[in-house]
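Working notes, beginning with the structure itself.
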Amino acid sequence: MHTKKEESNVEEENETSLEDRGIINVDQQTPALRAAARVDVRFVLCARPMPPEHRVFVALEARAYGDVLVLDCAENAEEGKTYTYFASLPTMLGSGGGGGGGRPYDYVMKVDDDTFLQLDALVDTLRSAPREDMYCGVGLPFHDRQFPPFMLGMGYLLSWDLVEWIATSDMVRREAMGVEDLTTGKWLNMGHKAKNRVNIFPRMYDYKSAKGEDFLENTIGVHQLKQDLRWAHTLEHFNVTRLEPSSMLLHNF
């Protein structure tokens, strides 16, 4: 890698609770990962509708962690939130952050809020990926491994140049509405963009069960973790969390 800049910007398709974001934002940034890449995680919310009690807690969370982006849009899955997200980033992020031709990041990723990511596996995959005109995710149809027409919405990446194109394209703005993963692929296909497509199927997949054989060894992501118990099974399998009894507690038994 000639640069230490991959971004995983996490977009939530629906407004989530503070507890949900706490589950998602598990610190996986090991020393090895920090040495290999810069990975920034953000929770993306729309300003409308946001009840007053949510607004207060979101403001506190943003102040405490700096990990919340609030966009001027209506919370939705198919009415343009993903367009607003991508189109807003060049203005919000500018050209800051070091080298790479003035790009703040090499990649931007949109991820569902019920997807667990193995960040080290994702970064390792991106080492050999193109940094221009690149679209990465789980492609459909599955048999089209080389040039799938679109990537599933559980999680996909765009290179920074494609994010800038989305922000300035009149065609994309006109076609902003629709099922978000299909619509993103439609923009790229209509614009003759994303000539470099990286299909990570089957390494990102839907949750099946808590059985060890239902988790792949080279997993990048696990999707459909809509219940806390599924999150617990997945985090435990990948040894992300481990609760050790404290010596004080042991002394009391």
Side-chain angles (χ1 to χ4, degrees), residues 4-77 81-82 84-98 103-120 122-123 154-155 157 160 163 221-223 225-232 234-236 238-244 246 248-249:
K4 291 169 56 179
K5 299 186 292 129
E6 281 88 21
E7 173 171 90
S8 175
N9 261 7
V10 179
E11 174 181 355
E12 298 182 345
E13 285 306 298
N14 299 290
E15 187 174 59
T16 53
S17 68
L18 184 63
E19 292 82 2
D20 290 337
R21 292 195 291 277
I23 293 172
I24 296 168
N25 202 4
V26 175
D27 184 8
Q28 297 185 67
Q29 300 215 30
T30 62
L33 178 59
R34 290 190 184 98
R38 172 184 170 185
V39 180
D40 293 332
V41 177
R42 299 289 183 265
F43 299 96
V44 181
L45 306 176
C46 287
R48 307 183 305 274
M50 189 179 290
E53 64 273 22
H54 289 184
R55 189 177 300 277
V56 169
F57 287 118
V58 167
L60 289 173
E61 184 179 357
R63 180 178 296 179
Y65 302 106
D67 61 359
V68 177
L69 298 179
V70 179
L71 304 179
D72 184 17
C73 59
E75 195 65 49
N76 63 82
K81 178 181 178 181
T82 297
T84 303
Y85 166 63
F86 285 127
S88 299
L89 289 178
T91 298
M92 294 174 67
L93 300 177
S95 60
R103 297 169 301 189
Y105 297 97
D106 290 325
Y107 310 105
V108 171
M109 187 172 191
K110 175 265 163 194
V111 185
D112 280 354
D113 61 358
D114 61 346
T115 297
F116 165 73
L117 284 178
Q118 290 262 80
L119 294 179
D120 54 352
L122 175 65
V123 167
M154 64 177 74
L157 297 102
W160 182 256
V163 174
V222 182
H223 181 231
L225 305 180
K226 295 186 182 296
Q227 294 83 36
D228 287 353
L229 187 58
R230 289 188 173 194
W231 275 104
T234 303
L235 295 174
E236 183 177 29
F238 292 106
N239 201 28
V240 175
T241 58
R242 180 181 297 171
L243 183 63
E244 298 289 355
S246 70
M248 183 177 294
L249 286 173

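In summary, of the residues considered (Val163, Asp40, Leu93), a side chain to side chain contact (heavy atoms under 4.5 Å, CB included) with Pro104 occurs for Leu93 alone.
Here the straight-line distance linking atom CD of Glu75 with atom NE2 of His54 works out to 11.0 Å at 0.5 Å rounding. Taking CZ of Phe116 as the reference point, atom CG of Leu225 lies at 9.0 Å (rounded to 0.5 Å). Atom OG1 of Thr82 is separated from atom CG of Asn76 by 8.0 Å, given to the nearest 0.5 angstrom. For the atom pair Thr115 OG1 and His223 NE2, the distance stands at 4.0 Å (nearest 0.5 Å). With values rounded to the nearest 0.5 angstrom, Leu60 atom CG is found 10.5 Å from Tyr65 atom OH. We find the CG-CG distance between Leu89 and Leu71 to be 8.0 Å, quoted to the nearest 0.5 Å.
Remark: the backbone N or O of Tyr105 is not paired with any side-chain donor or acceptor of Trp160 at under 3.5 angstrom. Listed for the Lys110 side chain is no donor-acceptor partner under 3.5 Å among the backbone atoms of Phe86.
Taking 4.5 Å as the limit, some side-chain heavy atom of Leu157 sits within range of a side-chain heavy atom of Leu122.
Pairing each heavy atom of Lys81 with each of Val44, the nearest pair is NZ-O, 3.0 Å. Closest non-hydrogen pair, Val70 versus Cys46, comes out as CG1-C, 4.4 Å.
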*Let me see the working for Asp114 and Met154 under side chain to side chain contact (heavy atoms under 4.5 Å, CB included), right down to the final yes or no.*
CA-CA 8 Å; Asp114 61 346; Met154 64 177 74; over 6 Å; no
_side chain to side chain contact (heavy atoms under 4.5 Å, CB included) between Val41 and Leu117, intermediate numbers included_ = CA-CA 11 Å; Val41 177; Leu117 284 178; over 6 Å; no
*Show the numbers, then the answer: is there a side chain to side chain contact (heavy atoms under 4.5 Å, CB included) between Tyr85 and Val108?*
CA-CA 10 Å; Tyr85 166 63; Val108 171; 3.3 Å; yes
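Counting heavy atoms of neighbouring residues, nucleotides and ligands inside a 6.0 Å radius, atom CD of Gln227 exceeds 12 of them.
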